[in-house]
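Source: prediction; values computed, not measured. Per chain, numbering begins at 1; letters A, B, ... match sequence-line order.
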Amino acid sequence: MKLLLIHADKMKYEVKKKTKVAEDFDGKGYEMNEVLVAFVSVEKGDNEEVAEKAVEEILDVAKKVKAERIMLYPYAHLSSNLSDPETAVRLLKYMENLIKEEYEVHRAPFGYYKSFEISCKGHPLSELSREIRGEEEEVTKALKDEEKAVSYWYILTEDKKLVEVDKFDFTNYENLRKFVKYEMEKRRAVDKIPPHVELMKRLELADYEEASDSGHLKYYPKGRLIKSLIESFVTEKCIEFGAMEVETPIMYDRAHPTLRKYLERFPARQYIIKGDKRDFFLRFAACFGQFLIAANGVIPYRALPLRMYELTRYSFRKEQRGELVGLRRLRAFTMPDMHTIVKDMEEAKREFFEQYKLSVEVLKELGIYPEDYEVAIRVTKDFFEENKDFIYSLVDILKKPILIEMWDRRFFYFVLKFEFNFVDALDKASALSTVQIDVENAERYGIHYYDEKGEKKTPLILHCSASGAVERVMYALLEKAHMEIEKGKLPMLPVWLSPTQVRVIPVSERHLDKALEIAEVLKRNRVRVDVDDREETVSKKIRDASTEWIPYIAVIGDKELESGKLTVTVRSESTLKEQKRVEMSVEELVERIRKECEGKPFKPLPLPMLLSKRPSFR
RNA sequence: GCCGCCGUGGCUCAGCUGGUAGAGCGGGUGACUCGUAAUCACCAGGUCCCGGGUUCAAAUCCCGGCGGCGGCUCCA
């Protein structure tokens, strides 16, 4: 809603001619003295709440300028985004009634050509314009409902006993204690910058981009490489698991009836994009796109379980600013999102179990092990009671205690979900992998399958993010590396994710040719190798390679020229005090790296091979 | 969104109660041709986050904005 407020000695208007959208009015015009005239444009999206705020504003100004009366004057020309006439009239009348309680008020009729004369007083406050907007942060129904819901907390132990959280002995379960504390307490007193933020900058992986919205990062070549490798890996794992990869739009009509209802059931804030005729929201996951494909398809029972997958680059969630941190919590993030259509709850449980195992496997191969995260299961009380054996059986997969949050009623779209929560260097927890059993969207979207008798049936749907957000995987790896530093160890990334896997260091200029020759061999064998050809001392080059966490450093000097072997410093076997140096042939090094990277995607070095030709990005 | 702290060369930071900018790293040039965590010397880099205000004078004080961090709220 837009307002133009003018404090006038006199305001007089005359009705000239009706327009198509005119309301009923039989007067000819009106005149008021000592009046605050409020020219009003009612805009799309305005509602009673906005009208109330506008009235508050008008009354506030009226008091300040000591106006004796108020005139509301519909004036379309303040906005290019007008509401429909019905809403405008409704809200104008509403405002009139509110003002009437405190002031003498006249409302000029809506939808007429009118002439008017106004004499503005001309003091500093006599001309003001205001824009009134509703609550931008629409809190979804799901969020409000969650507040009202009651949670019961339990630990499901290794030997399948359900223990109330405060009766559980956390001795030897330090990480679980931290996680439970994080989940149940609201206070998190930490006064440090999360370690991964400094690391992502220092290693030239990623950085904040001030020219964008908060929570949108830029990735430098090394960061892009790592992200891209993780993306490829998770995608391959999901396809191998049986998913069909699809691609769907990133924005959707805000008014679409099905999507609208889903939005209300999802606990996240959206980015809104103004289109020419319609408003769009940016997707927060790939659900819509895939559900809309499924709703359109003809699905025989033989096609079930039917798995669809998309790597969302990006998913958008307009998290509150205070929540955004480095790679941990973003407003634009990349998420592997798989949906599985199953015929009934029995099949849903089987798939849930398998996807649980898939998630464990995916994280493990990414370098995040069961001891690095804690399992949470969120479940409605009803579902838990009816499926106790099934839920207890989940303990068998990881053989460690699980935090159970039981809701007295269902307010999201799912009855059961698990998450793997990574506990970071500052004892904060964030969810990585998750799978949910969705009991309402198949019906909402009109997704059906045909059973053996040819009858239309409504399936269930599983939502699965096998690794969780890719950025979050990077965050977890960096936080984990930091925790290694704290323990006095040398931090590193898994070899298959290390931007440079081998650095070749010539001792002096005359060793450069040999260094390049070796690098070429490594490169041909799908190893990311670079050569430090800068005019620096060997010590300096070693130091730089170490601060880049390079897994293998090969120094080439006279000794190597003679022996034909490499002296390789192996990071994973070294400590801060003592470097582990191994003599090996180029072939042996290639073989070692090949083994370490088996089954993982490979991409070439994203930077010039010669360090002397490399820019630095910060 | 609210509260608090912070924002100075590419990076990390110094600059007291106002007098108009400094170091280390990095970069360039030169010397050294070097064996496992920083070789030496010289040189070039600054709208002191942005916009207002106070003042003879603002990086410094005040107000507003933007961004970062932490807390609250919240958290696929």
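Taking syn as a glycosidic angle within 90° of 0, B:G9 does not qualify and is anti.
In this structure, A:F291 and A:H463 have perpendicular ring planes: the angle between them is above 60°, well past the 30° mark. The aromatic rings of A:Y356 and A:F418 sit tilted relative to each other, their planes meeting at an angle between 30° and 60°. Note on ring orientation: taking the six-membered ring where Trp is involved, the planes of A:Y271 and A:F316 are perpendicular (angle over 60°, cut-offs 30° and 60°).
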Check your understanding: Which nucleotides of nucleotides 35-47 of chain B have their base under 4.0 Å from a protein heavy atom (B), which only their sugar-phosphate (S), and which neither (-), written as one string 5' to 3'?
Key -> BBBBB--------
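Judged by Watson-Crick or G-U wobble contacts below 3.5 Å, the nucleotide B:G22 has B:C13 as its partner. Pair assignment for B:G35 gives none, since no Watson-Crick or G-U wobble pairing has each distance under 3.5 Å. Across every strand in view, B:C61 sits in a pair with B:G53 that passes the Watson-Crick or G-U test at under 3.5 angstrom. Of all nucleotides present, none satisfies the Watson-Crick or G-U wobble test against B:C48 with each distance under 3.5 Å. As the counterpart of B:C42, B:G28 is assigned, both hydrogen-bonding distances of the Watson-Crick or G-U wobble pattern falling under 3.5 Å. Base pairing of B:C2 is made with B:G71, judged by Watson-Crick or G-U wobble geometry with both donor-acceptor distances under 3.5 Å.
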Under 3.5 Å, which N/O atoms of the protein pair with N/O atoms of nucleotides 8-13 of chain B?
from  : atom 1 : to     : atom 2 : distance (Å)
B:C11 : O3'    : A:R618 : NH2    : 3.3

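Annotation: of the two residues near RNA chain B, A:R472 and A:S214, the 5′-most nearest-nucleotide partner is A:S214.
Applying the ring-ring contact (aromatic ring centres under 6.0 Å, His included) definition to pairs two or more places apart or across chains, none involves residues 550-579 of chain A.
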